[in-house]
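None of the values given here were measured: they were computed from a predicted structure. Residue numbering restarts at 1 for every chain, and letters A, B, ... go by the order of the sequence lines.
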2 protein chains.
Amino acid sequence: MVTLQDVAEKAGVSPATVSRVVRGEGKVGDKCRAHVKKVIEKMGYRPNTNARALASNKTEIVGIIVPNISSPFFGTLAIGAEEAATKAKYKVLMGNSHNEPKTEQALIDSFLEQGCQNIILHSKFTDDATLIKWAKQIKGLVIVNRFVPEIANRCIWLDNVSGGRVMAEHLINQGHKKFAMITSHLKIGDPADRLVGINQSLNRVGLELPENNIVYSNAGMEAGEAGVIELFDRGIEFSALLCFNDSVAIGAINALFDRGIDVPNDVSVIGFDDIIIAKICRPKLTTMNYPINKMAVYATNLSMELTNNEEQEEHKTHLFMPTLTERKSVTKSAS
Amino acid sequence: MVTLQDVAEKAGVSPATVSRVVRGEGKVGDKCRAHVKKVIEKMGYRPNTNARALASNKTEIVGIIVPNISSPFFGTLAIGAEEAATKAKYKVLMGNSHNEPKTEQALIDSFLEQGCQNIILHSKFTDDATLIKWAKQIKGLVIVNRFVPEIANRCIWLDNVSGGRVMAEHLINQGHKKFAMITSHLKIGDPADRLVGINQSLNRVGLELPENNIVYSNAGMEAGEAGVIELFDRGIEFSALLCFNDSVAIGAINALFDRGIDVPNDVSVIGFDDIIIAKICRPKLTTMNYPINKMAVYATNLSMELTNNEEQEEHKTHLFMPTLTERKSVTKSAS
DNA sequence: TTGTAGGCGTTATCAG
DNA sequence: CTGATAACGCCTACAA
């Protein structure tokens, strides 16, 4: 392994000078710099990241913590973060929390131990207080998909109320009047916000989504299937079904299909997230696009700015808007 | 930050002793050890990974390099590797090669720079010679989904010939006689091996897959759609369609559906990989299960054994078998 | 603009 | 069994 020292000797300069040209900082004469660069090239010198981290107490690593990277949504998040990190020559550490706060804490500790001060965190079950504590000890901590007022400027999140509003409006514009919904049993956060938006749009035109037309469950495909069955058991009539996310929507469509109900001709279904399978399923899903990739890129850049002492407006947060993606699962109401 | 020194002073012993108890190596008196441990606990000491790496020239990091972690297949791979790594208290570096050898090389360099000697690599486009070179300089390099004879004991791969055989057999057992296939345009590696297996099964019972019944394209959903159209343009008749992977299969099913052809009643379709969407699509896909998660776990453990100087049989490779997963896209032939 | 030297937190080799 | 004491490779004041 070639060290800074080796290069310095070969080039006939001091280690300090080589260090300067490697980092591109400090004053170095043009001739000298060119010469050193050539020697570095020739010897194939690569700085030792660990030594550098030890001496400078800094690293160029961003850590990504998500529930499960194999889900398309988080995979997309990870790709965005990785892209931004790689572009800045940062490395990326990855960890799956499986939605367990304990695991999350362990990952944070592990990353910190590695000297990683840039962490992109997607956390739904760790309490605000803990997040605030972490934010204090981790300069580059950024939270994705959650809003914590005390650390607003570290939060990159989505306007779920607006999302709910837009999806309901679209259905209204297609002439739908009878709605049902399959959403998450979590009564706070995203699901609740979307419901607020949906009701805003509905109420404005004198329509409503009766509580009895809402099935609360978890957020997977099975939930969509079970949700449809539950709605039928309750004897609910509806021409438009709002789903918490695309997986739920696809499960619902399958269950409807099994009962001989065609989507979109008999019932319209709308999803949320716009994950890859929304383009693959049949019918292709009309859904709200969640710009998670862009958000991840943004979050990563923000994190790096944070650790590089770049000026950040403390009293600002980072809110993204979901947008309607029209495909084939929603159509005009027959009535 | 609490250092080894701090602990040593507080405990009234030398740094060397603390280091010994931290690492659990070397001889330390029972009393002494217990006392030091208590102090460590009380002070909340965490070893500095970078200093450790610098001094010992070892790290506990495994690097994962895949084309694109947001695809379900690679996401599943990553989850398996991460799980095994985390269990051994290793950290995980992640990189996406996007199938570009240059990017792959850059990632390898980057990981090496970090001191990472455990690398799980999924590479299809880097040549054997380069892989062999890497294997020489990276003690814990393990290749997933590829066989390179010279470094056989570092290769974790799938018996694609057997996979092809099994999928064809299943179709034969259902009474199918007219086959078509949409596969990858790569004439070597996985696609070719599967084709060999398919032909073995077919030939044994006097059947065949004529070259004209094969469409070569890439491996995405669009390829499946285009493939079906191409087959019809050629006027091919078939009751069973073999697809290179699940995405292709789903694209094919959609294209068939658009033409009023029902799967599985009119045509049976079989996929490969058994990614998550195989359970989600309609009809649920009959496909070959690719145990990529297990393979990733295995690969990661092997990599760690390799760097820990555990005995490894040089003349051994690691071959996994795909298995048939029956769902709803294949049925008995009408004829 | 360039060089010197001390230090970052651990490991590991010797003595004792 | 325990304790000094060099490394490890690089950064960074401080000098020159």
Electrostatic pair A/Glu113-B/Lys91, nearest N-O below 4.0 angstrom: yes

Is A/Arg146 salt-bridged to A/Asp128, cutoff N-O under 4.0 Å?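 Answer for the salt bridge query: yes.
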
Enumerate the residues from residues 3-14 of chain B whose closest heavy atom to DNA chain D is under 4.0 Å, giving them by residue number; use none for an empty result. B/Val13, B/Ser14

Taking atom [atom2] of [N] as reference, at what distance in whole Å does atom [atom1] of [X] sit?
X: A/Leu54; N: D/dG9; atom1: CG; atom2: C1'; result: 9 Å
X: A/Arg20; N: D/dA13; atom1: CZ; atom2: P; result: 11 Å
X: B/Arg52; N: D/dG9; atom1: CZ; atom2: P; result: 18 Å

Are the side chains of [Y] and [X] in contact, using a 4.5 Å heavy-atom criterion?
X: B/Asn68; Y: B/His98; result: yes
X: B/Ile151; Y: B/Lys136; result: no
X: A/Lys139; Y: A/Leu306; result: no
X: B/Glu104; Y: B/Leu121; result: yes

Could you check whether B/Ser303 and B/Thr300, counting side-chain N and O atoms only, form a donor-acceptor pair closer than 3.5 Å? no

Record whether the side chain of A/Arg46 comes under 3.5 Å of the base of D/dG9 through a donor-acceptor pair of N or O atoms. no

Using a heavy-atom cut-off of 4.0 Å across all strands, would you classify A/Pro47 as base, sugar-phosphate, or nothing?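 Result for A/Pro47 = sugar-phosphate.
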
Residue pair B/Phe111 / B/Ile64: nearest heavy atoms and the distance that separates them: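 That would be CE2-N, 3.8 Å.
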
Looking only at heavy atoms, which two atoms of B/Ala8 and B/Val18 are closest? And how far apart? CA-CG2, 3.6 Å

Taking the six-membered ring for Trp, is the centroid-to-centroid distance between B/Phe320 and B/Tyr290 below 6.0 Å?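 Distance test on ring centres: not under 6.0 Å, no.
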
Walk along DNA chain C from 5' to 3' and tell me the first and last nucleotide with an atom closer than 4.0 Å to a non-hydrogen atom of chain A. C/dT1 to C/dG9

More 5' along DNA chain D: A/Ala55 or B/Ala16, using each one's nearest nucleotide? B/Ala16

Under a 4.0 Å heavy-atom cut-off, which of residues 25-32 of chain A touch DNA chain C? A/Lys27, A/Val28, A/Gly29, A/Cys32

Over 12 foreign heavy atoms within 6.0 Å of NZ, B/Lys294: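 No, because the 6.0 Å sphere around NZ of B/Lys294 holds 12 heavy atoms or fewer from other groups.
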
